Protein chains: 2
Amino acid sequence: MATSCFADRLAKHVQLSDAERSALARLEENPRKVKRGAMIQRVNETVTELFVLREGRAMSFVLLPDGSRQILRVYFPGDFIGSASTIYSKAPESLVALSDVVICPFDKHALRRLLEEHPRVAALLFLLSNAERVALTDRLASLGRTSAKARVASFLLDIFDRLRVTDDGVTDSFDLKLTQEEIGDAIGLTSVHVNRMVRQMEQEGLISRANGRITLLDMERLEEIGHYTNRHKDMDFDWLPSQP
Amino acid sequence: MATSCFADRLAKHVQLSDAERSALARLEENPRKVKRGAMIQRVNETVTELFVLREGRAMSFVLLPDGSRQILRVYFPGDFIGSASTIYSKAPESLVALSDVVICPFDKHALRRLLEEHPRVAALLFLLSNAERVALTDRLASLGRTSAKARVASFLLDIFDRLRVTDDGVTDSFDLKLTQEEIGDAIGLTSVHVNRMVRQMEQEGLISRANGRITLLDMERLEEIGHYTNRHKDMDFDWLPSQP
DNA sequence: CGACCCCTTGAAATTGATCAAATGCCGTGG
DNA sequence: CCACGGCATTTGATCAATTTCAAGGGGTCG
């Protein structure tokens, strides 16, 4: 059986049949290495490909005419990225590697075949897409209605909880691998102000930092400050079509 | 053939077979009227139902502990709402009727059957879910990185373009049917500041208002001010499975 | 008529942005 | 090994956008 990073991720939620696994593995037949900082997809370029992120970290973002950047989402191994190209012929967002990464590009026609032949996987993708949607609405509420400190807190918790889904080594600390400017671009703040908030949270004993590594010292208070809810706990896949 | 508001919407993008149409119509077998202002779904309640909005307008929102509200999305006839309950057992957001509405609730098991039996419809739903995702990222960039005036401009254009998809009567003016406080809650501003921006845009000849009706007088400038892109023009459904 | 809601306007307060400069860190090449 | 350049972080001072607070006006519905 071929390995599939994406199948492994899905298998955390539901059992997959061998046929489904190998169909998913076919999406990852063409792994490609991309260097840190390199562009995977450029906004407005014609796109027909999607990607599975196999290794490393990536992000999607848009640039506004005045040069400011909004980071839309940070991605981790096993994430399915660039799904906007399923419906838009021109990329609505750019994708860039945050570290050296391995991505597996596949054409949307391959996705089509997968959806046709494996309705249960199709349903699963639909569900995960809805989970992404909720993640975005959470951040929308964060940007629209909470203070700078709350945004930093919830952003850290979000990254932390997402890393924990796949990486069992994560217990209370993690490598953020983002500059303060990037954090700011993700949560709608300047790097200067991110610095002040991080620094303040450190002094208050909420977090600590050591060469790029963040430790969450008081998660309860962080959740309270950030108005954060961990959505991962509440997922329910039971109603999906039973295994073929 | 039974009527289906949702099928009509999908049919704007792709041709549907009779079997697909009647399968979609079954989702709308139980229309229910809901009065303006009434709750359709309350956050944190256990949910197993989704809805097609057949008539009227609705919105989803969350309340933060300090009482402030973030409106996540405004919905129009033909929209598929509450899709978060496909994956979360407790509603992550509330749904409320903005006008008297007719909604068609259906159980997620009915959706499951639809996805199993009609892979092409499943694919289509997946695509539309990705389009929603992009709409959210657009607003995320708006909240995170643009001025109050830009947010108002892009919000108006977005509502306008979405109304135009279904309602042919819309050419340059439309009923917003939202209070200034609701606009503010959607784009992360106070009602006071929304008022100042709307008023300013009116004085500059960008828009005009008459008893709740908004007319867009200078769309080009509005698009520029709001950094707005109309995504509807760029949709591509050609690669979908061909008709069965 | 009164209650209520929404819109409007002004003045003061506050949050976070902007500008500017210093510090520290790390990899590279001499 | 050290010097250097370049990038990220840190800090201070000032500025500007938006919120907050407060009050008045207008329309509508019971």
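These figures come from a predicted structure and were not determined experimentally. Proteins come first, then strands; the chains are lettered A, B, ... in the order of their sequence lines, and each starts at number 1.
At the phosphate of D/dT10, OP1 or OP2 sits under 4.0 Å from a side-chain N or O atom of A/R199. Between D/dT10 and A/N195, a contact under 4.0 Å exists linking OP1 or OP2 to a side-chain N or O. The side chain of A/Q180 contributes an N or O atom lying less than 4.0 Å from OP1 or OP2 of D/dT10. Checking the phosphate oxygens (OP1, OP2) of D/dT10, a side-chain nitrogen or oxygen of A/R209 falls inside 4.0 Å.
Distances were taken from every side-chain heavy atom of B/S147 (C-beta onward) to each of C/dT18, D/dT18, C/dG16; the shortest belongs to D/dT18. Closest to the side chain of B/V192, out of D/dT18, D/dC21, D/dA13, is D/dC21. Comparing C/dA11, C/dG16, C/dA17 against the side chain of B/R196 picks out C/dA11 as the nearest.
Heavy atoms of A/T179 sit under 4.0 angstrom from primed sugar atoms or phosphate atoms, though from no base atom. Residue contacts for A/G188: at a heavy-atom cut-off of 4.0 Å it reaches the sugar-phosphate backbone alone, with no base atom in range.
The distance from atom CZ of B/F80 to atom CG of B/L27, rounded to the nearest 0.5 Å, is 7.5 Å. In this structure, A/S60 OG and A/R73 CZ are separated by 8.5 Å, a value rounded to the nearest 0.5 Å. Rounded to the nearest 0.5 angstrom, A/K108 NZ and A/S83 OG are separated by 12.0 Å.
Spacing between atom CG of B/L189 and atom P of C/dT15 amounts to 17 Å, rounded to whole angstrom units. If you take CG of B/N211 and P of C/dC7, they are 13 Å apart, rounded to a whole angstrom. Between the NE2 atom of A/H193 and the P atom of D/dA8 there is a distance of 21 Å, given to the nearest Å. When rounded to the nearest whole Å, the span between CE of B/M197 and P of C/dT8 equals 13 Å. Atom CZ of B/R145 is separated from atom C1' of C/dA17 by 10 Å (rounded to the nearest Å). As rounded to whole Å, 17 Å separates atom P of D/dG6 from atom CD of A/E181. Note: CG (A/L178) to C1' (D/dC7) measures 16 Å, nearest angstrom. Nucleotide C/dC6 holds its C1' atom 12 Å from the CD1 atom of B/I183, rounded to whole Å.
For the 3.5 Å distance criterion, the side chains of A/S89 and B/D234 qualify, holding a donor opposite an acceptor.
When atom types are taken as modelled, the side chain of B/D79 and the backbone of B/I81 share no donor-acceptor pair closer than 3.5 angstrom.
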